[in-house]
Structure formats: C-alpha cells, structure tokens
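Below: one structure, written as structure tokens.
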Amino acid sequence: MAQSLIKAVRGTRDLLPPDTDTWNFVDAAARDCFRVYNFHEIRTPILEDLALFQRSVGEETDIVAKEMFAWEDRARAESEKGQWLALRPENTAGVVRAYIEHKLWERPGLQKLFYIGPQFRRERPQKGRYRQFYQIGAEIIGPPSSGSESPARDAEVLDMLAALLDRLGIEHVSLQLNSVGDPEDRRQYNVRLREALEPVAGQMCTDCRRRAVTNPLRVLDCKVPADQPIIGSLPRISDHLGPAAREHFEGLQRILQRLEIPYSINARLVRGLDYYVRTVFEFTHGALGAQNAILGGGRYDGLSEALGGPRSPGIGFAIGEDRLVMALAEAGAATARAPDVFIAPLGPGMNAEAARLAHELRRHDLIVETGDDSFRLKKLLETAARLGAHYAVIVGEDELATGQLALKDLSSGEQRQVPREELAARIIKN
RNA sequence: GUGGGCGUAGCUCAACUGGCAGAGCACCGGACUGUGGCUCCGGACGUUGUGGGUUCGAUUCCCAUCGCCCACCCCA
C-alpha cells in the first residue's frame with residue numbers, strides 16, 4: 001500500500017453498504033417513534049461558537065477541556081480577532097441555543113424536538129467510540145407554564161425510548177435510573193462525599209485517590225473490584241435530595257410503574273455533563289465492550305438560563321447510534337435490502353426492452369436490477385442469484401414474439417410464462 | 001495523553017531456530033452457445049504498511065515511523 005494514499009482521518013470511518021441499510025433502518029424506526037410521540041425535527045449547525053459548549057457542558061469537563069475540535073477562525077478585519085469555533089461534541093447545547101435564539105418559548109406549549117446527526121470528540125478511538133460519531137436525540141423543553149418541569153415529561157421520554165428499543169428488537173438492555181438532585185442538593189452532597197472519602201481514599205485505587213480530590217462523584221463510577229465495599233459504604237445522593245427533587249423522582253417512578261417499564265435505581269449513576277439536575281438515566285447493553293452505555297440523558301432545568309435564556313426546564317437524551325447499530329448486528333438483525341426482481345435481457349439489442357420493463361416495474365414500487373444483453377444467460381442468472389433477487393425475468397426474442405415473459409422464482413427454481421401485463425401483479429403477490 | 005496487541009492477495013489467515021511468499025473464501029474464464037445455486041478444470045491476484053539496519057540471504061531479528069485494534073483517563 002503506497003503511503004501517499006489518502007485515508008479517512010483517525011477516528012472517522014466510511015459507512016458502506018450493506019451497513020448503511022442498517023443505519024437507515026435505525027433512522028427510520030427512530031423517526032417513526034418520534035412521530036407518534038409528536039416530536040419534530042430540528043437541525044442545528046455542526047459548527048458552533050466555542051463559548052456555547054464552555055457555558056453549557058461545563059468548562060471543567062474533559063469534553064470541553066481537552067476533547068473538542070476547536071480553532072480560531074480567520075479574523076474579518078486586521079484589527080479584530082477571529083471567533084473561536086468548535087465542532088459540536090453533543091447536540092443539546094445547540095438545540096437550547098436555537099430555542100433561545102428563535103424565542104421558541106413564545107410558541108404555544110412544549111417544544112418537543114429531535115435530531116439525528118454527527119457529533120465530534122477528539123478522543124482516542126476504541127470500540128464503539130469514534131471521533132465522528134452519530135447521535136439520535138430528543139429534547140422536551142419549555143417555560144414552566146408549559147408543564148416542562150413535570151415528571152410526566154421524564155416518563156414520556158423513557159417510555160418512548162423503551163418503545164424504540166423494543167421496536168428495533170434490541171434485547172438485554174437495562175434502564176439505570178437515578179436522581180442527582182437540584183444544584184443545591186448536589187453541592188451539599190459533594191461536600192459530604194468529600195468528607196466521607198477523606199479517611200478511606202488512601203485504601204482505594206490510584207484513580208480514586210485522585211478523583212476523591214478532583215471529582216468525587218466519579219469515585220462512584222469506579223469499576224475496580226477491591227474498591228466496591230468502600231463505595232458501597234459512601235453516602236448516597238438519594239439520601240440527600242431536597243423535598244422538591246425527591247417528590248419529582250417519586251412522581252417519575254409512579255408513572256414508570258404504571259407504564260410497566262422495568263428500571264433499576266443506580267445510586268452510583270452520575271453523569272459527566274455539568275448541566276444535569278434531578279433525573280439522570282442510561283440504557284446499558286451487555287457485550288459492547290467497555291463502552292456499554294447505549295444511550296444516556298437527563299434533566300437540565302437550568303441550562304436555558306445558563307445560556308442567557310428564560311427559565312425553561314427540559315429533559316432529553318442522546319442515543320449513541322454507532323453503538324446501537326453494533327447491538328443490532330450482535331443480535332443478527334436482518335436489515336439489508338435485496339432486489340425484488342432481476343431483469344435478464346437475452347441477446348443483442350434487448351437492453352432497450354429490459355430498460356422499458358424495469359421502468360414499468362419500478363412504477364409499481366418494486367426494487368429492480370437489470371443485467372446487460374452482452375452477457376450470457378448463465379451469467380445473468382448467476383448475477384441475479386448473487387444479488388439475492390427474489391425473481392428473474394428473462395426478456396429475449398421468444399418472449400417478445402409471444403408476449404409471454406419467463407418469470408423464474410430464484411429460491412424454488414420454478415419458472416413459468418407470464419403475460420407481460422400481469423408481471424408486476426404476480427411479483428407483488430408473492 | 002498513557003498502556004498493551006496487531007499490520008502478509010479484495011476478505012479470513014498460514015509460512016518451524018532467518019532459506020523460492022501459500023491456503024480457504026471471493027473474483028474472472030471454461031466444461032455447459034436460452035437457465036443460477038452443486039461439481040470439476042484453468043486464470044488473475046502481493047514492492048509482506050513505510051523507511052532504515054544486521055545478514056550471503058529478512059515476512060521472520062533490530063531501530064524508527066505510520067496505521068489499525070483493545071483498554072485506561074473520560075464519556076454517548
């Protein structure tokens with residue numbers, strides 16, 4: 001391989017057929033789900049002002065501190081400085097920015113928005129983690145008067161997710177649920193956690209010793225077996241929720257139970273983004289390697305205000321589509337598309353007849369592939385079989401003369417003469 | 001950013017302590033001039049990721065470099 005060949009840049013990849021059929025299958029299933037839950041699509045730019053992510057995701061988070069593609073744009077005038085731009089590392093910030101910029105809170109009712117698109121993080125690639133990755137996400141946001149603060153909205157989002165995963169046939173997923181409380185609850189809990197960690201951190205792994213100082217919440221996430229007893233003895237955030245957050249969390253659980261959506265409370269589920277309050281959740285899937293979270297989300301009641309907008313509580317999620325597709329592949333889901341019929345033009349000059357017939361069949365919404373009259377019939381049928389076509393139609397001199405086309409069922413091998421005008425109906429019926 | 005593993009045909013992989021780079025699948029042609037899947041015969045397929053070093057000789061050993069994978073940190 002010559003080294004001068006240009007290749008896809010690190011952490012990006014080409015999605016090729018037949019995999020793209022699977023991706024489209026997922027997209028279509030998601031859009032269908034969003035439709036019946038009355039969500040509408042929003043498309044925001046891939047490129048945003050860097051400050052948007054610093055203010056929303058959190059300046060101290062690794063995502064913003066070291067994992068963004070960001071650069072200073074060319075200055076418009078010599079006296080000016082360039083604007084700092086970034087490829088979006090997630091989509092919620094952009095959605096809320098657009099919500100504020102276009103005063104969507106003035107529209108009646110709740111804003112129920114979804115997006116499907118690429119996101120970018122400058123991390124070292126590994127299984128299920130790419131520098132350009134794809135997320136399917138949705139947000140419910142609106143002023144408090146629209147009911148945006150209600151746990152019913154949290155439940156609606158979770159119900160939709162459960163429906164989507166079920167529809168896709170993804171099994172072995174489990175809903176992990178937690179409440180991280182309101183900002184004041186979280187501050188107090190952080191203090192308590194630090195206090196509790198101080199005497200025991202020395203007995204924990206090196207990462208935890210560091211986290212105990214820098215980011216105590218992350219200690220809860222540690223997977224080192226030896227640390228588990230200590231982690232189990234640490235105070236739980238659920239014991240430190242204020243009355244409002246507690247009531248919200250209980251309200252959500254009542255609805256989930258009525259909806260018969262199974263979930264488990266994971267007191268150690270904390271999420272990395274600064275803006276999350278109250279409800280946080282994850283769906284995890286076995287057999288995806290270390291990156292086992294297939295989607296995640298939570299409530300972000302203060303985000304709009306943090307970005308200079310009016311108070312607008314909200315809740316949302318993002319599905320890691322790369323991982324969802326991986327899970328589908330694990331399940332062996334058949335999503336590839338094959339032609340309904342292959343047209344074999346037999347003999348010189350038959351391409352025109354084949355093209356005409358293909359045109360007619362396609363108007364009946366059939367997936368049609370055509371061969372070329374320069375090939376022998378043996379090769380044409382071979383091609384038809386290899387493409388996975390259900391039927392082959394032979395168009396040759398004999399057929400033209402009689403008006404009867406040879407229709408061959410490629411799985412059974414059965415072949416019969418069919419009048420040209422009945423062809424489409426015959427293929428559709430089977 | 002850190003650690004480990006791996007780079008050989010389109011794909012999956014062989015090649016003993018250094019001795020003519022191979023197999024299966026896939027591809028193309030033929031046996032079979034209007035009938036695919038099975039079988040048989042034949043064909044094409046490579047600067048062994050790249051650059052350097054050691055050697056009579058390197059896919060093999062050494063150094064460097066690039067790429068990919070897995071994991072860590074962190075996270076969807």
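Keep in mind it's a predicted model, so treat the numbers as computed, not measured. Residue numbers start from 1 in every chain, and the chains themselves are labelled A, B, ... in the order their sequence lines are given, proteins ahead of strands.
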_Counting distance alone, no hydrogens or angles: does the base of B/rU35 have a donor or acceptor under 3.5 Å from a partner atom on the side chain of A/Arg376?_
no
*Could you summarise the pairing of RNA chain B as dot-bracket text, marking Watson-Crick and G-U pairs under 3.5 Å with ( ) or [ ] inside the strand and | across strands?*
(((((((..((((.....[..)))).(((((.......))))).....(((((..]....))))))))))))....
_B/rU35 base / A/Glu382 side chain donor-acceptor hit below 3.5 Å_ = no
*Ignoring hydrogens and angles, state whether a donor on the side chain of A/His240 or A/Arg192 is under 3.5 Å from an acceptor on the partner side chain.*
yes
*asked:* Under a 4.0 Å threshold between the charged nitrogen and the carboxylate oxygen, would A/Glu382 count as salt-bridged to A/Arg386?
replied: no
*Do A/Gln415 and B/rG34 have a side chain to base donor-acceptor pair shorter than 3.5 Å?*
no
*asked:* Below 30° counts as parallel, above 60° as perpendicular, anything between as tilted: where do the rings of A/Trp23 and A/Tyr134 land?
replied: perpendicular
*asked:* So if I take every side-chain heavy atom of A/Arg129 and compare against B/rG36, B/rC74, B/rC72, which nucleotide ends up nearest?
replied: B/rC74
*Please tell me which of the listed nucleotides, B/rA71, B/rG36, B/rA76, lies nearest to the side chain of A/Phe133?*
B/rA76
_Quiz question: going by heavy-atom distance under 3.5 Å, is there a donor-acceptor pair between the base of B/rU35 and the side chain of A/Lys408?_
yes
*Does a side-chain N or O from A/Arg386 land closer than 4.0 Å to OP1 or OP2 of B/rC27, or not?*
yes
_A/Tyr300 side chain near A/Val277 side chain, heavy-atom distance below 4.5 Å_ = no
*Within the pair A/Arg10 and B/rC68, is there a side-chain N or O less than 4.0 Å away from OP1 or OP2?*
yes
*Tell me: CD of A/Gln126 to P of B/rC70, nearest whole Å?*
7 Å
*For the atom pair CG (A/Leu256) and CG (A/Asp154), what is the distance rounded to the nearest 0.5 Å?*
8.5 Å
*Touch class at under 4.0 angstrom, heavy-atom based, for A/Gly413 against every strand present*: base
*Taking only side-chain nitrogens and oxygens of A/Gln135, does any of them come within less than 4.0 Å of OP1 or OP2 of B/rA76?*
no
*Does A/Lys379 make a side-chain N or O approach to OP1 or OP2 of B/rG29 shorter than 4.0 Å?*
yes
_Once you apply a heavy-atom cut-off of 4.0 Å, does A/Thr92 come out as touching a base, just sugar-phosphate, or nothing?_
nothing
